[in-house]
Amino acid sequence: MSTNFTPEDLNQLAERGIAVEKVEAQLERFRQGFPYLKIESPSAMGQGITPVDADVAAACEARWQQFLADGGDVLKFVPASGAASRMFKALFAFVNGTEEIPAQGSPVADLCARIKDFAFYDKLQATLARLYGQGTTAESLIADGRYKDLVGAIILPDGMNYGGLPKALLTFHKYADGSVRTALEEQLAEGAQTAASKGGVVKLHFTVSADHRKLFEEKIAEAVPAMEKKFGVKYEISLSEQKPSTDTIAVTPDNELFRTKEGRLVFRPGGHGALIENLNDIDSAVVFIKNIDNVVGDAHRADTVTYKRLIGGMLLLAHDRILALTQALLAEDCTEETVAAATEFVEKMLCTSSEALDPEKPLAERRAALLAIFDRPLRVCGMVRNEGEPGGGPYNAWASDGSYVAPQILESTQIDLSKPENKEMMQKATHFNPVDLVCYLRRPDGSAYHLPDYVDHNTGFISEKSFDGRDLRALELPGLWNGAMSKWNTIFVEVPASTFNPVKTVNDLLRPAHQ
(Lines give C-alpha, C1' and ligand atoms only; values in the text may rest on other atoms or scores of the structure.)
Protein backbone atom coordinates (compact mmCIF):
# COMPACT_ATOMS: atom_id res chain seq x y z
CA MET A 1 0.00 0.00 0.00
CA SER A 2 1.57 3.28 -1.10
CA THR A 3 1.43 6.37 1.12
CA ASN A 4 1.10 9.89 -0.20
CA PHE A 5 3.98 11.84 1.34
CA THR A 6 4.04 15.62 1.02
CA PRO A 7 7.21 17.46 -0.09
CA GLU A 8 7.63 18.52 3.56
CA ASP A 9 7.38 14.85 4.63
CA LEU A 10 10.09 13.90 2.16
CA ASN A 11 12.31 16.69 3.51
CA GLN A 12 11.85 15.36 7.05
CA LEU A 13 12.79 11.87 5.93
CA ALA A 14 15.85 13.13 4.07
CA GLU A 15 17.01 15.11 7.13
CA ARG A 16 16.98 11.89 9.17
CA GLY A 17 18.46 9.71 6.44
CA ILE A 18 15.34 7.51 6.37
CA ALA A 19 14.28 5.98 3.05
CA VAL A 20 10.62 6.17 2.01
CA GLU A 21 10.63 2.38 1.61
CA LYS A 22 11.68 2.01 5.24
CA VAL A 23 8.71 4.06 6.46
CA GLU A 24 6.38 2.12 4.15
CA ALA A 25 7.64 -1.10 5.75
CA GLN A 26 7.07 0.33 9.23
CA LEU A 27 3.52 1.35 8.34
CA GLU A 28 2.88 -2.19 7.12
CA ARG A 29 4.21 -3.46 10.46
CA PHE A 30 1.64 -1.35 12.30
CA ARG A 31 -1.12 -2.84 10.15
CA GLN A 32 0.06 -6.46 10.35
CA GLY A 33 1.70 -6.49 13.78
CA PHE A 34 4.63 -8.71 14.77
CA PRO A 35 4.39 -12.50 14.99
CA TYR A 36 5.03 -14.20 18.31
CA LEU A 37 8.06 -16.44 18.50
CA LYS A 38 7.55 -20.17 18.87
CA ILE A 39 9.16 -21.45 22.09
CA GLU A 40 10.62 -24.92 22.35
CA SER A 41 11.38 -24.63 26.11
CA PRO A 42 12.68 -22.21 28.75
CA SER A 43 16.47 -22.42 29.03
CA ALA A 44 17.58 -24.31 32.14
CA MET A 45 20.82 -25.77 33.49
CA GLY A 46 22.01 -28.34 30.97
CA GLN A 47 19.18 -27.40 28.62
CA GLY A 48 20.34 -24.18 27.04
CA ILE A 49 22.33 -22.90 30.03
CA THR A 50 25.86 -24.29 30.13
CA PRO A 51 26.94 -25.71 33.50
CA VAL A 52 30.28 -24.42 34.77
CA ASP A 53 32.27 -26.55 37.22
CA ALA A 54 35.56 -25.62 38.89
CA ASP A 55 37.67 -27.00 36.02
CA VAL A 56 35.71 -25.07 33.39
CA ALA A 57 35.88 -21.89 35.48
CA ALA A 58 39.66 -22.25 35.83
CA ALA A 59 40.05 -22.80 32.08
CA CYS A 60 37.95 -19.71 31.36
CA GLU A 61 39.97 -17.56 33.78
CA ALA A 62 43.27 -18.78 32.28
CA ARG A 63 42.09 -18.12 28.70
CA TRP A 64 40.93 -14.62 29.59
CA GLN A 65 44.19 -13.73 31.31
CA GLN A 66 46.13 -15.08 28.33
CA PHE A 67 44.01 -12.97 25.98
CA LEU A 68 44.77 -9.78 27.95
CA ALA A 69 48.46 -10.62 28.31
CA ASP A 70 48.71 -11.12 24.55
CA GLY A 71 47.34 -7.61 23.98
CA GLY A 72 43.80 -8.78 23.25
CA ASP A 73 41.40 -6.25 21.75
CA VAL A 74 38.53 -5.63 24.20
CA LEU A 75 36.04 -2.81 24.80
CA LYS A 76 33.21 -2.17 27.26
CA PHE A 77 30.00 -0.91 25.58
CA VAL A 78 27.56 0.85 27.92
CA PRO A 79 24.11 2.04 26.79
CA ALA A 80 23.78 5.27 28.80
CA SER A 81 21.54 7.58 26.80
CA GLY A 82 18.36 7.28 28.84
CA ALA A 83 17.25 10.03 31.21
CA ALA A 84 16.76 9.07 34.85
CA SER A 85 13.20 10.43 35.02
CA ARG A 86 11.66 6.95 35.58
CA MET A 87 13.95 6.51 38.58
CA PHE A 88 12.10 9.36 40.24
CA LYS A 89 8.53 8.61 39.14
CA ALA A 90 7.23 8.44 42.72
CA LEU A 91 9.01 11.69 43.62
CA PHE A 92 7.51 13.55 40.66
CA ALA A 93 4.04 12.22 41.53
CA PHE A 94 4.43 13.54 45.09
CA VAL A 95 5.74 16.97 44.08
CA ASN A 96 2.96 17.38 41.51
CA GLY A 97 0.24 15.94 43.74
CA THR A 98 -2.03 17.47 46.36
CA GLU A 99 -0.66 15.71 49.46
CA GLU A 100 1.80 17.72 51.56
CA ILE A 101 3.04 14.79 53.64
CA PRO A 102 4.06 11.47 52.03
CA ALA A 103 1.98 8.46 53.00
CA GLN A 104 3.60 6.18 55.56
CA GLY A 105 5.45 3.33 53.86
CA SER A 106 5.47 5.09 50.49
CA PRO A 107 8.69 5.39 48.45
CA VAL A 108 8.87 9.12 49.27
CA ALA A 109 8.44 8.48 53.01
CA ASP A 110 11.17 5.84 52.88
CA LEU A 111 13.48 8.23 51.03
CA CYS A 112 12.95 10.99 53.58
CA ALA A 113 13.47 8.62 56.51
CA ARG A 114 16.83 7.50 55.16
CA ILE A 115 17.93 10.68 53.41
CA LYS A 116 21.36 10.60 55.10
CA ASP A 117 22.07 7.17 53.57
CA PHE A 118 22.11 8.48 50.00
CA ALA A 119 25.52 9.22 48.49
CA PHE A 120 24.16 12.53 47.18
CA TYR A 121 23.24 13.71 50.71
CA ASP A 122 26.06 16.27 50.99
CA LYS A 123 25.28 17.69 47.57
CA LEU A 124 21.61 17.93 48.55
CA GLN A 125 22.48 19.83 51.73
CA ALA A 126 24.48 22.36 49.72
CA THR A 127 21.60 22.65 47.25
CA LEU A 128 19.10 23.32 50.05
CA ALA A 129 21.34 26.04 51.51
CA ARG A 130 21.53 27.65 48.06
CA LEU A 131 17.77 27.46 47.49
CA TYR A 132 16.44 28.32 50.95
CA GLY A 133 19.29 30.02 52.78
CA GLN A 134 22.16 28.98 55.03
CA GLY A 135 21.11 26.69 57.85
CA THR A 136 18.40 24.98 55.81
CA THR A 137 18.94 21.24 55.84
CA ALA A 138 17.04 18.14 54.86
CA GLU A 139 16.35 17.53 58.52
CA SER A 140 15.00 21.05 59.11
CA LEU A 141 12.66 20.80 56.11
CA ILE A 142 11.33 17.45 57.36
CA ALA A 143 10.84 18.90 60.85
CA ASP A 144 8.85 21.78 59.32
CA GLY A 145 6.78 19.44 57.15
CA ARG A 146 8.28 20.92 53.96
CA TYR A 147 8.60 17.58 52.22
CA LYS A 148 7.82 18.98 48.78
CA ASP A 149 10.66 21.47 49.05
CA LEU A 150 13.02 18.66 49.98
CA VAL A 151 11.92 16.29 47.23
CA GLY A 152 11.77 19.08 44.67
CA ALA A 153 15.37 20.00 45.44
CA ILE A 154 16.40 16.51 44.34
CA ILE A 155 14.53 16.26 41.04
CA LEU A 156 13.66 19.74 39.75
CA PRO A 157 15.83 21.86 37.43
CA ASP A 158 16.42 24.65 40.00
CA GLY A 159 17.69 22.05 42.48
CA MET A 160 19.96 19.08 41.71
CA ASN A 161 17.93 18.32 38.55
CA TYR A 162 18.27 14.58 39.07
CA GLY A 163 14.96 14.07 37.26
CA GLY A 164 16.45 15.59 34.11
CA LEU A 165 19.91 14.03 34.09
CA PRO A 166 21.00 10.68 32.66
CA LYS A 167 21.57 7.90 35.21
CA ALA A 168 25.27 7.89 34.34
CA LEU A 169 25.76 11.28 35.96
CA LEU A 170 23.89 10.62 39.22
CA THR A 171 25.88 10.10 42.42
CA PHE A 172 25.43 6.42 43.30
CA HIS A 173 27.97 5.55 46.00
CA LYS A 174 29.89 7.11 48.88
CA TYR A 175 33.22 5.84 50.20
CA ALA A 176 34.79 5.80 53.65
CA ASP A 177 37.13 8.65 52.74
CA GLY A 178 34.13 10.85 51.94
CA SER A 179 34.53 10.65 48.16
CA VAL A 180 31.56 9.83 45.96
CA ARG A 181 31.16 8.22 42.56
CA THR A 182 28.57 8.44 39.82
CA ALA A 183 27.37 5.42 37.87
CA LEU A 184 29.73 6.47 35.07
CA GLU A 185 32.71 6.43 37.43
CA GLU A 186 31.77 2.97 38.72
CA GLN A 187 31.70 1.74 35.12
CA LEU A 188 35.24 3.10 34.76
CA ALA A 189 36.27 1.24 37.92
CA GLU A 190 34.71 -2.02 36.77
CA GLY A 191 36.37 -1.66 33.37
CA ALA A 192 39.77 -1.20 35.00
CA GLN A 193 39.32 -4.44 36.95
CA THR A 194 37.90 -6.58 34.14
CA ALA A 195 38.99 -5.27 30.73
CA ALA A 196 42.44 -3.68 31.05
CA SER A 197 44.50 -4.94 28.12
CA LYS A 198 48.28 -5.23 27.88
CA GLY A 199 49.82 -1.92 28.95
CA GLY A 200 46.81 -1.11 31.14
CA VAL A 201 44.63 0.39 28.41
CA VAL A 202 40.89 0.30 29.18
CA LYS A 203 38.52 1.09 26.31
CA LEU A 204 34.95 2.15 27.07
CA HIS A 205 32.17 3.39 24.83
CA PHE A 206 29.05 5.14 26.12
CA THR A 207 25.96 5.79 24.03
CA VAL A 208 24.58 9.20 25.00
CA SER A 209 21.80 11.56 24.01
CA ALA A 210 22.70 14.70 22.10
CA ASP A 211 21.20 16.79 24.92
CA HIS A 212 23.58 15.33 27.49
CA ARG A 213 26.74 14.85 25.45
CA LYS A 214 28.46 17.99 26.80
CA LEU A 215 27.70 16.94 30.41
CA PHE A 216 29.23 13.52 29.71
CA GLU A 217 32.34 15.08 28.21
CA GLU A 218 32.76 17.38 31.21
CA LYS A 219 32.31 14.52 33.71
CA ILE A 220 34.73 12.27 31.86
CA ALA A 221 37.36 15.02 31.75
CA GLU A 222 36.95 15.51 35.50
CA ALA A 223 36.83 11.84 36.51
CA VAL A 224 39.40 10.13 34.31
CA PRO A 225 42.64 11.51 35.84
CA ALA A 226 41.70 10.40 39.36
CA MET A 227 40.46 6.97 38.21
CA GLU A 228 43.59 6.41 36.12
CA LYS A 229 45.74 7.20 39.14
CA LYS A 230 43.71 4.96 41.47
CA PHE A 231 43.68 1.91 39.20
CA GLY A 232 46.96 2.39 37.35
CA VAL A 233 45.36 2.29 33.90
CA LYS A 234 44.91 4.50 30.85
CA TYR A 235 41.35 5.07 29.62
CA GLU A 236 40.31 5.43 26.01
CA ILE A 237 36.69 6.64 26.10
CA SER A 238 34.43 7.26 23.13
CA LEU A 239 30.82 8.45 22.87
CA SER A 240 28.13 8.02 20.25
CA GLU A 241 24.51 9.05 19.83
CA GLN A 242 21.57 7.02 18.58
CA LYS A 243 21.37 7.63 14.83
CA PRO A 244 18.35 9.64 13.56
CA SER A 245 18.05 7.09 10.75
CA THR A 246 16.97 4.51 13.35
CA ASP A 247 13.97 6.59 14.51
CA THR A 248 10.59 5.09 13.69
CA ILE A 249 7.42 6.72 12.39
CA ALA A 250 4.47 7.27 14.76
CA VAL A 251 0.88 6.52 13.75
CA THR A 252 -2.59 7.22 15.06
CA PRO A 253 -4.64 4.46 16.75
CA ASP A 254 -6.09 3.88 13.23
CA ASN A 255 -2.58 3.35 11.81
CA GLU A 256 -2.58 6.60 9.85
CA LEU A 257 0.46 8.90 9.87
CA PHE A 258 0.49 10.85 13.14
CA ARG A 259 1.06 14.56 12.59
CA THR A 260 1.66 17.57 14.82
CA LYS A 261 -0.79 20.47 14.81
CA GLU A 262 1.53 22.02 12.22
CA GLY A 263 1.18 18.98 9.99
CA ARG A 264 4.65 17.54 10.52
CA LEU A 265 5.38 13.85 10.88
CA VAL A 266 6.31 12.57 14.34
CA PHE A 267 9.25 10.22 14.80
CA ARG A 268 10.26 8.37 17.94
CA PRO A 269 13.53 6.74 19.04
CA GLY A 270 13.49 3.07 18.05
CA GLY A 271 14.48 1.78 21.52
CA HIS A 272 17.77 0.15 22.52
CA GLY A 273 17.59 -2.04 19.42
CA ALA A 274 18.69 1.03 17.45
CA LEU A 275 22.07 0.72 19.18
CA ILE A 276 23.00 -2.27 16.99
CA GLU A 277 24.12 0.45 14.56
CA ASN A 278 26.37 2.02 17.22
CA LEU A 279 27.74 -1.40 18.17
CA ASN A 280 28.41 -2.08 14.50
CA ASP A 281 30.70 0.96 14.41
CA ILE A 282 32.89 -0.37 17.25
CA ASP A 283 36.37 -1.44 16.14
CA SER A 284 37.09 -4.17 18.70
CA ALA A 285 37.00 -7.95 18.50
CA VAL A 286 35.63 -8.54 22.02
CA VAL A 287 32.96 -6.28 23.50
CA PHE A 288 31.29 -6.44 26.93
CA ILE A 289 27.76 -5.00 27.13
CA LYS A 290 26.16 -3.96 30.41
CA ASN A 291 23.55 -1.37 31.39
CA ILE A 292 24.76 1.85 32.99
CA ASP A 293 22.86 1.38 36.27
CA ASN A 294 24.02 -2.17 37.07
CA VAL A 295 27.12 -1.21 39.05
CA VAL A 296 28.32 -1.53 42.63
CA GLY A 297 31.05 0.05 44.73
CA ASP A 298 34.55 -1.37 45.14
CA ALA A 299 33.69 -3.41 48.25
CA HIS A 300 30.90 -5.32 46.46
CA ARG A 301 32.55 -5.93 43.07
CA ALA A 302 34.47 -9.21 43.64
CA ASP A 303 31.81 -11.50 42.13
CA THR A 304 31.28 -9.14 39.20
CA VAL A 305 35.01 -9.20 38.39
CA THR A 306 35.20 -13.00 38.70
CA TYR A 307 32.24 -13.65 36.42
CA LYS A 308 33.19 -11.01 33.87
CA ARG A 309 36.44 -12.93 33.39
CA LEU A 310 34.56 -16.21 33.31
CA ILE A 311 32.18 -15.23 30.52
CA GLY A 312 35.03 -13.53 28.66
CA GLY A 313 37.14 -16.68 28.86
CA MET A 314 34.23 -18.89 27.81
CA LEU A 315 33.67 -16.66 24.77
CA LEU A 316 37.31 -17.06 23.74
CA LEU A 317 37.37 -20.82 24.29
CA ALA A 318 34.21 -21.20 22.20
CA HIS A 319 35.66 -18.94 19.51
CA ASP A 320 38.90 -20.98 19.51
CA ARG A 321 36.86 -24.14 18.94
CA ILE A 322 34.79 -22.54 16.18
CA LEU A 323 37.99 -21.45 14.40
CA ALA A 324 39.47 -24.95 14.62
CA LEU A 325 36.28 -26.63 13.42
CA THR A 326 35.88 -24.13 10.59
CA GLN A 327 39.41 -24.87 9.35
CA ALA A 328 38.75 -28.62 9.55
CA LEU A 329 35.47 -28.28 7.64
CA LEU A 330 37.18 -26.22 4.93
CA ALA A 331 39.91 -28.82 4.44
CA GLU A 332 39.75 -30.86 1.24
CA ASP A 333 39.88 -34.10 3.24
CA CYS A 334 36.91 -33.16 5.48
CA THR A 335 35.50 -36.43 6.82
CA GLU A 336 32.32 -37.69 8.39
CA GLU A 337 34.15 -37.61 11.75
CA THR A 338 34.90 -33.87 11.34
CA VAL A 339 31.28 -33.11 10.49
CA ALA A 340 30.11 -35.21 13.44
CA ALA A 341 32.44 -33.35 15.83
CA ALA A 342 31.25 -29.96 14.52
CA THR A 343 27.61 -31.05 14.79
CA GLU A 344 28.17 -32.14 18.40
CA PHE A 345 29.65 -28.73 19.24
CA VAL A 346 26.69 -26.93 17.61
CA GLU A 347 24.15 -29.05 19.46
CA LYS A 348 25.83 -29.25 22.87
CA MET A 349 27.72 -25.95 23.21
CA LEU A 350 25.64 -23.64 21.02
CA CYS A 351 22.44 -25.55 21.96
CA THR A 352 21.28 -25.22 18.36
CA SER A 353 19.34 -27.87 16.45
CA SER A 354 18.57 -27.72 12.75
CA GLU A 355 17.08 -30.06 10.18
CA ALA A 356 20.01 -29.07 7.97
CA LEU A 357 22.23 -31.20 10.23
CA ASP A 358 20.13 -34.36 9.91
CA PRO A 359 22.65 -37.23 9.58
CA GLU A 360 20.57 -38.62 6.70
CA LYS A 361 21.47 -35.59 4.60
CA PRO A 362 24.52 -35.70 2.30
CA LEU A 363 27.88 -34.86 3.87
CA ALA A 364 28.40 -31.84 1.60
CA GLU A 365 25.06 -30.32 2.65
CA ARG A 366 25.78 -30.74 6.37
CA ARG A 367 29.28 -29.35 5.93
CA ALA A 368 27.90 -26.23 4.21
CA ALA A 369 25.24 -25.84 6.91
CA LEU A 370 27.85 -26.04 9.68
CA LEU A 371 30.09 -23.46 7.99
CA ALA A 372 27.08 -21.12 7.73
CA ILE A 373 26.27 -21.62 11.43
CA PHE A 374 29.85 -20.91 12.50
CA ASP A 375 30.03 -17.76 10.36
CA ARG A 376 27.99 -15.62 12.77
CA PRO A 377 28.75 -13.18 15.60
CA LEU A 378 29.14 -14.97 18.94
CA ARG A 379 27.97 -13.97 22.41
CA VAL A 380 28.08 -15.40 25.92
CA CYS A 381 25.30 -14.12 28.18
CA GLY A 382 25.19 -14.32 31.96
CA MET A 383 21.83 -15.45 33.33
CA VAL A 384 20.63 -15.04 36.92
CA ARG A 385 18.45 -17.60 38.70
CA ASN A 386 14.88 -16.34 38.86
CA GLU A 387 13.65 -15.94 42.43
CA GLY A 388 10.91 -13.44 41.67
CA GLU A 389 8.09 -13.09 39.17
CA PRO A 390 8.44 -14.99 35.87
CA GLY A 391 8.97 -12.84 32.81
CA GLY A 392 11.23 -12.37 29.81
CA GLY A 393 14.53 -14.17 29.79
CA PRO A 394 16.42 -17.07 28.20
CA TYR A 395 14.49 -19.51 26.05
CA ASN A 396 15.22 -22.15 23.45
CA ALA A 397 13.15 -20.73 20.62
CA TRP A 398 12.52 -21.34 16.95
CA ALA A 399 13.89 -18.84 14.48
CA SER A 400 11.06 -16.82 12.98
CA ASP A 401 11.53 -18.67 9.67
CA GLY A 402 11.21 -22.02 11.47
CA SER A 403 14.57 -23.32 10.25
CA TYR A 404 16.27 -24.01 13.59
CA VAL A 405 15.97 -23.86 17.40
CA ALA A 406 18.56 -21.83 19.34
CA PRO A 407 18.98 -19.90 22.61
CA GLN A 408 17.24 -16.51 22.51
CA ILE A 409 16.64 -13.72 25.02
CA LEU A 410 12.94 -12.98 24.79
CA GLU A 411 10.78 -10.26 26.29
CA SER A 412 7.36 -11.27 27.55
CA THR A 413 5.80 -9.23 24.70
CA GLN A 414 7.31 -11.71 22.21
CA ILE A 415 5.52 -14.66 23.82
CA ASP A 416 1.92 -15.57 22.99
CA LEU A 417 0.48 -15.89 26.50
CA SER A 418 -2.94 -16.81 25.16
CA LYS A 419 -1.49 -20.31 24.65
CA PRO A 420 -1.57 -22.29 27.91
CA GLU A 421 1.64 -24.17 27.03
CA ASN A 422 3.52 -20.88 26.65
CA LYS A 423 2.16 -19.55 29.91
CA GLU A 424 3.21 -22.77 31.64
CA MET A 425 6.73 -22.58 30.16
CA MET A 426 7.07 -18.98 31.25
CA GLN A 427 6.00 -19.85 34.80
CA LYS A 428 8.56 -22.66 34.88
CA ALA A 429 11.41 -20.44 33.67
CA THR A 430 14.36 -20.75 36.04
CA HIS A 431 16.47 -17.74 34.96
CA PHE A 432 16.17 -14.14 33.80
CA ASN A 433 18.33 -11.85 31.71
CA PRO A 434 20.38 -9.27 33.68
CA VAL A 435 21.96 -7.81 30.49
CA ASP A 436 25.48 -9.05 31.17
CA LEU A 437 27.04 -10.25 27.95
CA VAL A 438 30.29 -10.42 26.01
CA CYS A 439 30.48 -10.58 22.22
CA TYR A 440 32.96 -11.62 19.53
CA LEU A 441 32.38 -9.37 16.51
CA ARG A 442 34.96 -10.61 13.99
CA ARG A 443 34.87 -13.34 11.35
CA PRO A 444 37.38 -16.20 11.31
CA ASP A 445 39.45 -14.18 8.80
CA GLY A 446 39.55 -11.19 11.19
CA SER A 447 37.15 -8.96 9.25
CA ALA A 448 34.24 -7.35 11.11
CA TYR A 449 30.70 -8.68 10.85
CA HIS A 450 28.07 -6.25 9.56
CA LEU A 451 25.79 -6.63 12.57
CA PRO A 452 22.55 -5.28 11.03
CA ASP A 453 22.60 -8.34 8.74
CA TYR A 454 21.93 -10.54 11.78
CA VAL A 455 18.82 -8.75 13.06
CA ASP A 456 15.49 -10.60 12.96
CA HIS A 457 13.15 -7.83 11.87
CA ASN A 458 10.11 -9.91 12.86
CA THR A 459 10.91 -9.46 16.55
CA GLY A 460 10.03 -5.82 17.25
CA PHE A 461 6.91 -4.72 19.05
CA ILE A 462 4.32 -1.93 19.11
CA SER A 463 3.59 0.24 22.15
CA GLU A 464 0.96 2.81 23.01
CA LYS A 465 2.22 6.35 23.72
CA SER A 466 0.92 9.92 23.62
CA PHE A 467 1.97 13.24 22.10
CA ASP A 468 0.43 16.61 23.05
CA GLY A 469 -2.34 14.75 24.85
CA ARG A 470 -3.21 12.61 21.81
CA ASP A 471 -2.79 8.83 21.65
CA LEU A 472 -0.32 7.37 19.21
CA ARG A 473 1.24 4.02 18.38
CA ALA A 474 5.02 3.65 18.42
CA LEU A 475 7.20 0.98 16.88
CA GLU A 476 10.12 -0.42 18.87
CA LEU A 477 12.93 -2.03 16.90
CA PRO A 478 14.09 -5.56 17.82
CA GLY A 479 15.88 -5.11 21.18
CA LEU A 480 19.67 -4.93 21.23
CA TRP A 481 20.12 -8.23 23.10
CA ASN A 482 16.80 -9.67 21.84
CA GLY A 483 15.91 -9.70 18.14
CA ALA A 484 18.84 -7.52 17.11
CA MET A 485 21.11 -10.45 18.06
CA SER A 486 18.62 -13.16 17.09
CA LYS A 487 20.82 -14.67 14.37
CA TRP A 488 23.98 -14.78 16.51
CA ASN A 489 25.48 -17.87 18.09
CA THR A 490 24.59 -17.73 21.77
CA ILE A 491 25.84 -19.42 24.93
CA PHE A 492 24.03 -18.92 28.24
CA VAL A 493 25.92 -19.24 31.55
CA GLU A 494 24.56 -18.89 35.08
CA VAL A 495 25.96 -15.96 37.07
CA PRO A 496 25.12 -15.21 40.73
CA ALA A 497 22.47 -12.70 41.78
CA SER A 498 25.24 -10.71 43.47
CA THR A 499 26.32 -9.53 40.00
CA PHE A 500 22.89 -7.99 39.32
CA ASN A 501 22.29 -4.74 41.21
CA PRO A 502 20.32 -2.40 38.93
CA VAL A 503 19.06 0.98 40.08
CA LYS A 504 15.54 1.25 38.66
CA THR A 505 14.21 3.59 41.38
CA VAL A 506 16.12 6.02 43.57
CA ASN A 507 15.37 3.88 46.63
CA ASP A 508 17.31 1.00 45.09
CA LEU A 509 20.38 2.99 46.17
CA LEU A 510 19.43 2.09 49.74
CA ARG A 511 20.02 -1.62 49.12
CA PRO A 512 23.09 -3.14 50.82
CA ALA A 513 25.02 -3.52 47.54
CA HIS A 514 24.89 0.25 47.06
CA GLN A 515 25.72 1.24 50.63
Side-chain angles (χ1 to χ4, degrees), residues 34-51 314-315 318 321-322 325 329 339-361 365-383 386 390-433 437 439-440 453-461 478-479 481-494:
F34 288 92
Y36 292 113
L37 283 186
K38 181 182 175 184
I39 304 171
E40 182 75 5
S41 64
S43 299
M45 292 301 292
Q47 296 177 303
I49 298 179
T50 303
M314 181 163 285
L315 177 87
R321 184 70 175 139
I322 287 171
L325 289 168
L329 290 166
V339 169
T343 300
E344 182 180 29
F345 179 84
V346 166
E347 292 178 348
K348 290 191 175 178
M349 193 67 188
L350 302 181
C351 300
T352 297
S353 57
S354 169
E355 287 186 6
L357 301 180
D358 185 333
E360 298 297 317
K361 290 187 179 293
E365 285 187 26
R366 286 179 283 139
R367 178 189 186 190
L370 286 163
L371 286 168
I373 289 170
F374 288 149
D375 190 18
R376 299 174 181 169
L378 173 69
R379 61 178 178 164
V380 175
C381 310
M383 292 293 154
N386 192 353
Y395 288 86
N396 304 312
W398 288 86
S400 59
D401 64 3
S403 60
Y404 61 90
V405 175
Q408 299 285 352
I409 298 173
L410 304 185
E411 298 297 332
S412 55
T413 52
Q414 296 176 269
I415 301 171
D416 185 357
L417 295 178
S418 69
K419 294 185 174 180
E421 63 269 28
N422 285 353
K423 204 165 186 179
E424 184 180 356
M425 278 192 278
M426 199 164 163
Q427 289 169 341
K428 288 182 177 178
T430 58
H431 291 73
F432 70 87
N433 166 42
L437 57 157
C439 314
Y440 205 101
D453 292 345
Y454 298 86
V455 176
D456 183 347
H457 295 286
N458 286 319
T459 57
F461 60 93
W481 40 84
N482 311 116
M485 296 181 176
S486 184
K487 298 177 184 178
W488 292 36
N489 286 323
T490 297
I491 298 170
F492 292 147
V493 178
E494 184 176 273

| task | Using modelled atom types only, decide if a donor and an acceptor are shared between the side chain of Asp456 and the backbone of Lys487 within a distance under 3.5 Å. | result | no
| message | Heavy-atom count check: over 12 atoms from other residues, nucleotides or ligands less than 6.0 Å from Glu355 CD? | response | no
| query | Between Trp481 and Arg379, is a side-chain contact (heavy atoms from CB on, under 4.5 Å) present by the stated rule, with each step listed? | reply | CA-CA 10 Å; Trp481 40 84; Arg379 61 178 178 164; 4.1 Å; yes
| task | Test the Arg376-Tyr404 pair against the cation-pi criterion, namely NZ or CZ under 6.0 angstrom from the six-membered ring centroid and within 45° of the ring axis. | result | yes
| Shortest non-hydrogen contact from Cys351 toward Pro407 | O-CD, 3.5 Å
| said: Would you say that Met383 contacts Asn433 through its side chain, given a criterion of any heavy-atom pair below 4.5 Å between the two side chains? | reply: yes
| Non-hydrogen atoms of Phe432 and Asn386 that approach each other most closely | CD2-CA, 3.9 Å
| task | Specify the closest pair of heavy atoms between Val493 and Met314, including all atoms of both residues, with the distance to one decimal. | result | CG2-SD, 3.2 Å
| query | Out of curiosity, Glu365 CD to Leu357 CG, how far, rounded to the nearest 0.5 Å? | reply | 11.0 Å
| request: Before giving the answer on side-chain contact (heavy atoms from CB on, under 4.5 Å), spell out for Ile322 and Phe345 the whole-Å C-alpha distance, their side-chain angles and the decisive distance to 0.1 Å. | output: CA-CA 9 Å; Ile322 287 171; Phe345 179 84; 3.6 Å; yes
| query | Does the side chain of Pro377 come within less than 4.5 Å of Tyr454's, by heavy atoms? | reply | yes
| Is the side chain of Gln408 donor-acceptor paired with the backbone N or O of Ser486 at a distance under 3.5 Å, no angle test? | yes
| field | Thr490 side chain near Met485 side chain, heavy-atom distance below 4.5 Å | value | no
| task | First locate atom CG of Asn489, then atom OH of Tyr440, and finally report the distance between them rounded to the nearest 0.5 Å. | result | 14.0 Å
| message | Could you work out, with side chain to side chain donor-acceptor pair (under 3.5 Å) as the rule, every residue matching Glu344, not counting sequence neighbours? | response | Lys348
| Do Val346 and Phe374 come close enough that some side-chain heavy atom pair is under 4.5 Å? | yes
| field | Flag side-chain contact, heavy atom, 4.5 Å: Met45 against His431 | value | yes
| Exercise: identify the closest heavy-atom pair between Pro394 and Phe492 | CB-CE1, 3.4 Å
| request: Evaluate the side-chain proximity of Leu37 to Trp398: yes if any heavy-atom separation is below 4.5 Å, no if none is. | output: no
| task | Nearest 0.5 Å please: distance from the CZ atom of Arg366 over to the CD1 atom of Ile373. | result | 12.5 Å
| Student check: side-chain heavy atoms of Met425 and Asn422 closer than 4.5 Å | yes
| message | One pair to check against side-chain contact (heavy atoms from CB on, under 4.5 Å): Leu378 and Leu350. What are the steps and the verdict? | response | CA-CA 10 Å; Leu378 173 69; Leu350 302 181; 4.3 Å; yes
| query | So, for Tyr395 and Ile39, which heavy atoms are closest and what is the spacing to 0.1 Å? | reply | CD2-CG2, 3.7 Å
| With side chains defined as the heavy atoms from C-beta onward, is the minimum distance between Met349 and Arg321 less than 4.5 Å? | no
| Distance (rounded to the nearest 0.5 Å) between Asp358 CG and Thr343 OG1 | 10.5 Å
| Where is the tightest heavy-atom contact between Ser412 and Met426, given as atom of each residue plus distance? | CB-CE, 3.4 Å
| message | Using modelled atom types and a 3.5 Å cut-off, is there a donor and acceptor pairing between side-chain atoms of Asn482 and backbone atoms of Ile409? | response | yes
| said: Going by the rule side chain to side chain donor-acceptor pair (under 3.5 Å), which residues pair with Asn396 if we only count those two or more places apart in sequence or in a different chain? | reply: Ser41, Ser43
